[in-house]
Every structure is written in structure tokens, then in C-alpha cells.
Amino acid sequence: MEFPRLLTLLLLVMEWTRPGLSSPLRPICDLRVLDHFIKEARDAEVAMKSCREGCSLSESVSVPQTTVDFDVWEKTNGLDQAHEVQSGLWLLQQALGLLRTSVTNTALHSHLDNSIRNLLSINAVLRSLNIQEYTPPASAAELEGTWRVSLATDLLQVHVNFLRGKVRLLLMDAQACQQDVS
């Protein structure tokens, strides 16, 4: 189980840091990469639900909205969609980092570390799709479309749902992954 995740991350890093790269990264369009990250996010959620001690958030955190109105999403331009996904990934990264520091149950540490690394990998995938780099705000309060959770299980459920929803939609419709049908 550890090997496929490491291989995926290694391939992303090797492609991103290849010396003499004269053109943009080759797009990573295979949704199986995202499916793997979703599976690991679910594993973290299951582990958290079975945790009985030392597994709570020290304070409430801002998380992205996970609901998608497909009519609105389809009418939203790609840059705004990318910005919404990137800001959501940033919020989740901040929230999972806080959860990681507040959890004392060592069995959960590896799940949370994987989740944080996977969010960074998704950002690398977005870069490979020529999606502009995201500059986070000074504070999560500056972001629209957020809400607060105070339970670790709620945070991890938001994490899974965000990957399954908005991240998947963005990757499925990424311009760099569209096949020319001419």
C-alpha cells in the first residue's frame, strides 16, 4: 500500500524537477491518481471514526464548502473554478496541519501525514495542467465559500467530499487534458 503512493509522488516530483525542462510539465490527466488520494482520505476518515482517545481538534477550523451546484459550476469560468479548488486545498492543508498537531494518537499521525502530502501532490498535478499558482490569503477569514468545523471526523469527511467533488470536476474538465477531436 505504501509503494504505489510513493511511486506516484516520486513520478510527480521527478517530472516537476527534471533538469533542462524547456516546456511546461506534461499534464497528469489520469484520474486514477486522484482516486488513490480519495481512497487514502477515506482510510484516514475511517481511522478517525474508530479513534477513541487523543484524536480531537484543538480548535474549530475553516473548511471549503463541498456542495456543488452543477449548473453554476458549468457556467463558472475555468480560472474561477481553479481558484475555488486551490483555496479549498489550502484550507484543508491548514486544517489538517492543525489536526496533526493536536492529535496525540500516534496511529493517526501517518494517515494525517499522507493526507497532507496528498494535498501537496494534487497541487503539483494542478501545476502540470498549467493552472496558475495559487497565492493564499493572509487569513482564512478572507475566503468566501467556507464554513467552520470543530470535530476531526467532520474535517476528514469534508476532505473526502472535496476531493470527490470539486477537485474531480476541475481535473475532468482541465483544458490540458482535453483530446483534440479533429
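Note that the structure is a prediction, hence the values are computed from the model and not measured. Position 1 is the first residue of the sequence, and the numbers go up from there.
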Given the options Asn118, Ile122, Leu120, Leu89 meets side-chain contact (heavy atoms from CB on, under 4.5 Å) only with Ile122
| message | Show, in sequence, the C-alpha distance, side-chain angles and deciding distance for Arg52 and Asn105, and conclude whether the side chain to side chain contact (heavy atoms under 4.5 Å, CB included) test is met. | response | CA-CA 9 Å; Arg52 298 291 171 240; Asn105 182 311; over 6 Å; no
Sorted by chain and number, sequence neighbours left out, ring-ring contact (aromatic ring centres under 6.0 Å, His included) with His109 holds for none
Between the OG atom in Ser128 and the CG atom in Asn123, the distance rounded to the nearest 0.5 Å is 11.0 Å
Rounded to the nearest 0.5 Å, the CG atom of Leu170 sits from the CE atom of Met172 at a distance of 10.5 Å
Disulfide (SG to SG under 2.5 Å) pairs touching residues 48-98, sequence neighbours excluded, are Cys51-Cys55
Residues passing the side chain to side chain contact (heavy atoms under 4.5 Å, CB included) test with Asp71, sequence neighbours excluded, are Asp69
* Asked: Does the side chain to side chain contact (heavy atoms under 4.5 Å, CB included) test come out yes or no for Leu171 and Leu129, once each step is laid out?
  -> CA-CA 9 Å; Leu171 294 179; Leu129 300 176; 3.4 Å; yes
Start with the C-alpha distance between Val85 and Leu169, add both sets of side-chain angles, then the distance that settles side chain to side chain contact (heavy atoms under 4.5 Å, CB included), and finish with yes or no. CA-CA 10 Å; Val85 167; Leu169 287 171; over 6 Å; no
Taken in chain and number order and not counting sequence neighbours, the residues that satisfy side chain to side chain contact (heavy atoms under 4.5 Å, CB included) with Gln94 are Trp90
* Asked: Trp147 and Val167: same hydrophobic cluster, using ILVMFWY side-chain contacts below 4.5 Å?
  -> yes
Only distances under 3.5 Å count here; give the side-chain donor-acceptor pairs of residues 153-162 to other protein atoms, sequence neighbours excluded, each with its distance to 0.1 Å.
residue	atom	partner	partner atom	Å
Asn161	OD1	Arg164	NH1	3.3
Asn161	ND2	Gln157	O	3.4

* Asked: Are the side chains of Val103 and Leu108 in touch, meaning some heavy atoms are under 4.5 Å apart?
  -> yes
For residues 56-105, the disulfide (SG to SG under 2.5 Å) pairs (sequence neighbours left out) are none
